[in-house]
Structures are given as structure tokens and as C-alpha cells.
Colleague: 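Provided herewith is a single structure, encoded as C-alpha cells, for subsequent inquiry.
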Amino acid sequence: MTYKHFFITAPIVSLKGQPAILFDGKQATLLEALEDKKVKVFSECRNGFCGACKTKVISGEVTYTKQPLAELEQNECLPCCCIPKTDLNLSLSKDDSEQVSASKVNPTQSMTNKSQQGVEMAFLLDDAILGGN
């Protein structure tokens, strides 16, 4: 009798080939696990909307906890809304983070524009609800 079916192994997350995290599920997302290990990953929305945390995957697979709205290439993931499905090797290091952006747009700038649009929408909603008061 083997015990292979009774034990589930936790995925190992490596940064540029160096094992860094045993993803045991204590964190809700890959981003939280990376931040706990002091890995710098730029992020804004934490919901898969802005794409600011887009990270290149060298090898491995992830599962999304929320369907991301940002466009991704096949070798990219959004750590803010995914967890490792298998052992994972990311193109990140503890010293610097590498962002992958297909559009080459500054994520801070694009998020600022989205935030500004959100504020404008909130004012429009207030006016509609309060009757322009």
C-alpha cells in the first residue's frame, strides 16, 4: 500500500531558479506569499483588473481565484489573483522585480487615469441619486 494519494505536496515557488517559497496555502494569493517573503512586486488593484503585477512565468502553472480582466500572454500571470497549481519558476528576484507589459504603458499612469475616471463616475452617480444637489 502506498500513501501517495493521501499526501498533497505544496508547490515550490522559485525566483529565477532559486527556490524561495513553499506555497502552503496560508496566503490567499501568490502576491501575498511573495510580499511575505519581501519580494518586490508592483501592484495596484489586487483584483486582476489593472495588470500592474503582471509577471513572467518561466515554468509551471497557476490557477486563478478570480478571472483576471487584464490581457495576459501564455507565459504571464497576475500574482494578485492566482495561486500556484504546480511548482512555479518566476522571472523575479528578491532584489528587483521584473514587470512584463505588452503595451509598455506605465501601470501607475494607467491606474491613475482609471482612478480619475472612477472618481468622475462617482460624482455623476451622486448627482443622479441626489438630483443634482
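Note that the structure is predicted; figures quoted are calculated from it, not measured.
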Colleague: Got Val57 and Leu90 here, is their nearest side-chain heavy-atom distance under 4.5 Å?
Modeller: yes
Colleague: How long is the span from the CG atom in Leu69 to the CG atom in Asn47, to the nearest 0.5 Å?
Modeller: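 Answer for the CG-CG pair, Leu69 versus Asn47, is 9.0 Å.
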Colleague: Does any non-hydrogen side-chain atom of Pro11 lie less than 4.5 Å from one of Leu88?
Modeller: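 No, side chains not in contact.
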Colleague: Of the non-hydrogen atoms in Tyr64 and Leu72, which two are nearest, and what is the gap between them?
Modeller: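 Scanning both residues completely, I find the closest heavy atoms to be OH-CD1, 3.2 Å.
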Colleague: What are the two closest heavy atoms between Gly17 and Asn89, and how far apart are they?
Modeller: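 Taking every non-hydrogen atom into account, N-OD1, 2.9 Å.
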Colleague: For Glu61, is there any backbone N or O sitting under 3.5 Å from a side-chain donor or acceptor partner on Thr86?
Modeller: yes
Colleague: Give, for atom CG of Leu78 and atom OG1 of Thr29, the distance between the pair rounded to the nearest 0.5 Å.
Modeller: 11.0 Å
Colleague: Using the test side chain to side chain contact (heavy atoms under 4.5 Å, CB included), find all partners of Asp36 that sit at least two apart in sequence or belong to another chain.
Modeller: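 Asp36 satisfies side chain to side chain contact (heavy atoms under 4.5 Å, CB included) with Gln27 once adjacent residues are dropped.
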Colleague: Taking all non-hydrogen atoms of both residues into account, name the closest pair between Gly48 and Cys80 and its distance.
Modeller: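 Here Gly48 and Cys80 meet closest at N-SG, 3.2 Å.
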Colleague: Do Pro84 and Leu30 touch side chain to side chain, with heavy atoms closer than 4.5 Å?
Modeller: yes
Colleague: Would you check if the side chain of Gln18 reaches a backbone N or O of Leu15 as a donor-acceptor pair within less than 3.5 Å?
Modeller: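 No: the side chain of Gln18 does not pair with the backbone of Leu15.
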Colleague: Closest heavy-atom contact between Val62 and Cys77?
Modeller: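 Minimum heavy-atom separation between Val62 and Cys77: CG2-CB, 4.0 Å.
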Colleague: Quick one: are Lys37 and Ile21 in side-chain contact, heavy atoms under 4.5 Å?
Modeller: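 Result yes, sub-4.5 Å side-chain heavy-atom pair found.
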Colleague: Closest heavy-atom contact between Ile58 and Lys16?
Modeller: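 For Ile58 and Lys16, the tightest heavy-atom pair comes out as CD1-CA, 4.3 Å.
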Colleague: Short question: side chain of Lys26, backbone of Ala33 - any donor-acceptor pair under 3.5 Å?
Modeller: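 No, because the side chain of Lys26 does not come within donor-acceptor range (under 3.5 Å) of the backbone of Ala33.
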Colleague: Using the side-chain contact (heavy atoms from CB on, under 4.5 Å) rule, take Lys56 and Asn75 through it: C-alpha gap first, then chi angles, then the decisive distance, then the call.
Modeller: CA-CA 6 Å; Lys56 183 177 178 187; Asn75 66 338; 3.6 Å; yes
Colleague: Of the non-hydrogen atoms in Cys53 and Pro79, which two are nearest, and what is the gap between them?
Modeller: O-CD, 3.1 Å
Colleague: How would you list, by chain and number, every residue that makes a side chain to side chain contact (heavy atoms under 4.5 Å, CB included) with Ile12, sequence neighbours excluded?
Modeller: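 With sequence neighbours excluded, Ile12 shows a side chain to side chain contact (heavy atoms under 4.5 Å, CB included) to Ser14, Pro19, Leu22, Asp87, given in chain and number order.
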Colleague: Determine, for Glu35 against Arg46, whether the closest basic-nitrogen to carboxylate-oxygen distance falls under 4.0 angstrom.
Modeller: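 Between Arg46 and Glu35 there is a salt bridge, with a charged N closer than 4.0 Å to a carboxylate O.
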